[in-house]
Amino acid sequence: MRRGKTNIAEMVVVGAVASAIGIVGALLINWFPKAASTQAGPIDTLWDVLLIVSIPVFVLVTIVVIYAVRYFRMQPGEEQLDGEPIHGNTRLEVIWTAIPSILIAGLVVYAYLVLVDIEKAPANPGQERHVEVRARQFTWDFTYPGTKGPDGKPINSTTLYLPVGESVKFDVRTDDVLHDFFVPEFRMKIDAVPGKITNFRVTPDEEGRFQVVCMELCGLGHAFMRAYVEVVSPEEFDAWVAEQGKPAAEEGGGGGETAAADGKGIFTETGCNACHTLSDAGSTGTTGPNLDEVLAGQSADFVRESIVDPDAKIAAGFQPGLMPKDYESQLSPEELDALVNYLVEVTSK
Ligand code: CUA
């Protein structure tokens, strides 16, 4: 190899230039949505460090392959020739095993330290809010065990309300298969594992409306398994808490619980509002059909069938298999009757 030394010098120069271009380019790319938690900054820095370390490794491997193809390829007339047999090179193998191992161990330790640091419990545990996240095909449900509404019950919501600047610990569980609880703007995510409670902490530091996204393929409705996070000021949060748990029958005026008012409560408690728009219940879900439209003028039998056997008739533009099929066992016969009557009543206006 007369050209050996020249080649190595050339490879080093090309590699350094390509790595520099790659790193600058990668750092200029806006990889993530807006950052809205105190955890997001260190995570984004961690990402940048991983890019800075891995781009030169990628460039090194690519350059060696390209040079090998260019300078060591078979020339015409060499078809029958074979080089000297090689019996390994211990020193080389130790080096190319040790360097990547040290690199990876270093990055693992660094990433671990960052995670431990950003998930530290607040100094005063009393300042932390707990939220139980319940995942099921294909909806999210949030309960606030330590946050009681005016009726004295823990608040439950299909939209995740959080006060800005306050540490919150999520306990994540699933009723059925694997899901994954992720708010991209918070940068933290964790699997919802059947039979287990998983958790993470965030401190939202920006007010705004973000999406909860399911990040684990969980069935046909996976892509639609979304909910909203509303990060609001502490005052707005308290006002929201005070609004919760008010009896659904309020507007009836009479105080006596009518079947329709009852049905409205069931509609919300069962989580129908998470996926369906229904103006009477003030819900705006879009995962399933708009009930004001698809149930207008339909009979009680049709409404009942749509609840207990959702795939029997599918509204235009929707796929079968999206809606859970266990509502008949989840609801008592009386609750189901009340829900059907309520839906017939409010969609026939
Ligand atoms: Cu739940 Cu994907």
Side-chain angles (χ1 to χ4, degrees), residues 31-34 36-37 39-40 43 47 115 119 130-145 155-162 168-202 204 208-231 267-278 283-291 306-311 314-315 317-331:
W31 295 93
F32 300 116
K34 171 193 173 113
S37 79
Q39 282 74 11
I43 297 255
W47 172 255
L115 274 183
E119 284 202 273
H130 279 250
V131 176
E132 288 175 7
V133 179
R134 198 175 62 120
R136 61 192 300 251
Q137 287 172 317
F138 299 100
T139 58
W140 298 99
D141 191 87
F142 308 97
T143 308
Y144 300 65
I155 284 176
N156 176 270
S157 171
T158 51
T159 296
L160 176 59
Y161 272 80
L162 297 174
V168 47
K169 185 175 178 208
F170 297 107
D171 288 325
V172 183
R173 64 191 86 210
T174 166
D175 285 358
D176 39 47
V177 300
L178 277 172
H179 301 275
D180 190 297
F181 177 62
F182 183 40
V183 178
E185 286 80 359
F186 294 167
R187 302 291 193 272
M188 302 289 287
K189 67 195 268 292
I190 199 151
D191 271 6
V193 183
K196 239 185 117 169
I197 299 172
T198 53
N199 49 65
F200 68 75
R201 282 196 168 85
V202 295
R209 182 177 161 95
F210 313 115
Q211 270 200 325
V212 175
V213 184
C214 180
M215 287 294 280
E216 185 69 56
L217 187 59
C218 56
L220 266 182
H222 162 68
F224 306 102
M225 190 164 163
R226 305 277 170 111
Y228 281 106
V229 194
E230 296 276 3
V231 179
F267 182 82
T268 312
E269 279 156 31
T270 314
C272 311
N273 55 342
C275 293
H276 292 288
T277 293
L278 182 68
S283 69
T284 53
T286 53
T287 304
N290 178 332
L291 299 183
S306 303
I307 297 169
V308 301
D309 184 12
D311 288 351
I314 289 296
F318 291 88
Q319 279 196 318
L322 263 183
M323 178 162 153
K325 295 180 186 60
D326 60 351
Y327 284 121
E328 198 166 13
S329 58
Q330 260 200 61
L331 297 167

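Index from 1, following the sequence. Because the structure is a prediction, the values reported are computed rather than measured. Atoms within each ligand, like the ligands themselves, are counted from 1 in listed order.
- With hydrogens and angles ignored, the 3.5 Å screen pairs a side-chain donor or acceptor of Ser283 with a backbone N or O of Leu278.
- Rounded to 10°, the angle formed at atom 1 (Cu) of ligand 1 by Met225 SD and Cys218 SG is 110°.
- At least one donor-acceptor pair under 3.5 Å links the side chain of Thr174 to the backbone N or O of Val177.
- Thr143 places no side-chain N or O within 3.5 Å of a backbone atom of Pro145 that could act as its donor or acceptor partner.
- Not a single N/O/S atom of Asp180, whether from backbone or side chain, sits less than 2.8 Å from atom 2 (Cu) of ligand 1.
- If you put the vertex on atom 2 (Cu) of ligand 1, SG of Cys214 and O of Glu216 sit 90° apart, to the nearest 10°.
- Aromatic ring centres of Tyr161 and Phe142 lie farther apart than the 6.0 Å criterion allows.
- Looking at His222, its N, O or S atom nearest to atom 2 (Cu) of ligand 1 turns out to be ND1.
- Contact annotation: Gln137 places no N, O or S atom under 2.8 Å from atom 1 (Cu) of ligand 1.
- Residues Met188 and Phe182 share a closest heavy-atom pair of O-CD1, 3.2 Å.
- With a cut-off of 2.8 Å, atom 1 (Cu) of ligand 1 has an N, O or S atom of His179 in range.
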